[in-house]
4 protein chains.
Amino acid sequence: MLNRVILVGRLTKDPELRYTPNGVAVANFTLAVNRAFTNQQGEREADFINCVVWRKPAENVANFLKKGSLAGVDGRVQTRSYDNNQGQRVYVTEVMAESVQFLEPKNANAGGGGGGQYPQYQQGQGNQFNAPSTDRGYGQQQNQNPKRNNFNEDPFANDGTPIDISDDDLPF
Amino acid sequence: MLNRVILVGRLTKDPELRYTPNGVAVANFTLAVNRAFTNQQGEREADFINCVVWRKPAENVANFLKKGSLAGVDGRVQTRSYDNNQGQRVYVTEVMAESVQFLEPKNANAGGGGGGQYPQYQQGQGNQFNAPSTDRGYGQQQNQNPKRNNFNEDPFANDGTPIDISDDDLPF
Amino acid sequence: MLNRVILVGRLTKDPELRYTPNGVAVANFTLAVNRAFTNQQGEREADFINCVVWRKPAENVANFLKKGSLAGVDGRVQTRSYDNNQGQRVYVTEVMAESVQFLEPKNANAGGGGGGQYPQYQQGQGNQFNAPSTDRGYGQQQNQNPKRNNFNEDPFANDGTPIDISDDDLPF
Amino acid sequence: MLNRVILVGRLTKDPELRYTPNGVAVANFTLAVNRAFTNQQGEREADFINCVVWRKPAENVANFLKKGSLAGVDGRVQTRSYDNNQGQRVYVTEVMAESVQFLEPKNANAGGGGGGQYPQYQQGQGNQFNAPSTDRGYGQQQNQNPKRNNFNEDPFANDGTPIDISDDDLPF
DNA sequence: TTTT
DNA sequence: TTTT
């Protein structure tokens, strides 16, 4: 049935990249999407929308987006539930991104005192990461994001750590 | 910023209509949206997506949709949080419907043993409830839904009951 | 870049199914989408939006939709141009449907004097035709639509006729 | 009925601003939206999608966007027809933008040899122009776009010129 | 050239 | 008649 979401917003934090035991990449990030209108107090609020993305686009997200990046998402609303450690059922609504568009200018965060230039990447001029139909991103992947590799205290904190989810849980 | 959701699905229950202390109508309902693909087990799953709608369209939803109705929603993803009675912060992601389209044929649930015909309503042939820009739906509203009026044990259970929310919390 | 269209409307005519010389199915149809608002004269107008769909979903559209059918489309806006027989360049804007959802109740047009029951098809309860990533619909295809097979004067008028387009023109 | 389009792309030219005889602003522009995929020749193509926007957002578009600007559009697909000077009926499909989001960084085109800084405007950090429900933009409007006022050969070429359309033709 |  |  029809289920389509399109968002443009900014990442509230660096994306988190994980791998399933079978080596499939998954990235999580939250988009802050400013509302078009102001509330009674005249303040502009934002919605903080959790997004998931799988496989190659997950790795692209981890490599090319970071806290504050402007990004567009085209995907679906998905719901799931799990039991937390207090034994309560928790219901989750999130956006499964099918494609993510990178909306920062290519020289964003460049200049100034020292580094920060985004790595060389070009897929034509689209700057869009689409879910590939076939190639599964098996195995450990080299994170090419200099930000993450060079400047974090622990650059591997969230990278390559298998997470407790089987491929049977994959949504496709 | 861009924030758009379009859904087509079926109501999992009758919609719940409430009024703010100032008499503004709000309806809540959940859409079951079947996924286009099947999971590893070959089963077709569904997403259960909570929706809110305000003012006149809220009353239309309460009057013309019920459990099982096929409906289309055009709206925005919104997030909010509140503290539950265990003192934990709960985060909610839901769809704020700006317009709701009624997709059942006009004679749905008609015929057979006794009633169930939908009340006479026609806004051209669109069958779509749009958020009015101005007219605020103050005061008690006559629920014209025969289903709700005639067959529920307590037809007013969820109708017209002011809820603990001030107009300051209204999103527009 | 982000390019997403979602429509719900009714077919203005039976869809037209063609095949490229390489045997790839293409269907064209026009959706009449009623506007949510009325014009100055108080009339509700409609937009007549041309849609194209490729491969397996094209055949599903031809088999299961007909003039007047209610359908949902999830796709992209595409533009192209060609030179007409007067030697003028003609610009075309149309919707490339990636998935088409069949919104008629399963027994639509059934009953009454004589046939018309839709053929048995079930993909769960989704009734949605998605573009398959791989299987190319080569070769002549058996049209299972009883309407088209049994009641048209020339049931093959628009079926299986190769059209003058090479696979190089395919959008994917 | 559901009719929703979301686009992100770049203006192919400066927008054209007109006024109806009643003083209602209308802007036209074309978005070049790069496709996510490449064609058989490995080239990335684009769709060139004509957009219209009315009233205040029309003036914002004229003031803040120009050739090459990156913009997001949330709107509807509309169709209309007219008879051209050869007496042929011409069918037009375009996007009626309900809101337009300005996606350039605020200092875009700044620096370098000579001017080009965007005028001071701020609606929070949203940079989004929404169709106001009420205020009609009557009368001649001061175009505040320095680009258009200062650097064009004929800065008023397309501004403030009443066009031959009555308010009865307005879509809302 | 338009659908219910 | 097309944008980066």
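Chain naming here is simple, since letters A, B, ... match the order of the sequence lines and numbering starts at 1 in each.
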Rounded to the nearest 0.5 Å, what separates atom OG in B:Ser99 from atom CE in D:Met1? 12.5 Å
Tell me the interatomic distance from [X], atom [atom1], to [N], atom [atom2], rounded to whole angstroms.
{"X": "C:Tyr91", "N": "F:dT2", "atom1": "OH", "atom2": "P", "value": "6 Å"}
{"X": "D:Ile49", "N": "F:dT3", "atom1": "CD1", "atom2": "P", "value": "15 Å"}
{"X": "D:Arg89", "N": "E:dT2", "atom1": "CZ", "atom2": "P", "value": "9 Å"}
{"X": "C:Lys13", "N": "E:dT2", "atom1": "NZ", "atom2": "P", "value": "10 Å"}
{"X": "C:Glu104", "N": "E:dT3", "atom1": "CD", "atom2": "P", "value": "15 Å"}
{"X": "D:Leu70", "N": "F:dT2", "atom1": "CG", "atom2": "P", "value": "20 Å"}
{"X": "C:Lys67", "N": "E:dT3", "atom1": "NZ", "atom2": "C1'", "value": "8 Å"}
{"X": "D:Leu11", "N": "F:dT3", "atom1": "CG", "atom2": "P", "value": "11 Å"}

Quick one: does any side-chain atom of C:Asp47 pair with a main-chain N or O of C:Ile49 as donor and acceptor, under 3.5 Å? no
Could you check whether C:Gly9 gets within reach of a base, just the sugar-phosphate, or nothing at all, counting any heavy atom under 4.0 Å? nothing
In this structure, which one of D:Val52, D:Thr79, D:Thr30, D:Val77 forms a side-chain contact (heavy atoms from CB on, under 4.5 Å) with D:Glu94? D:Val52
Between C:Tyr19 and C:Glu59, is there a side-chain donor-acceptor contact under 3.5 Å, judged purely by atom types and distance? yes
Among E:dT2, F:dT2, E:dT3, find the nucleotide with the atom closest to the side chain of D:Phe48. F:dT2
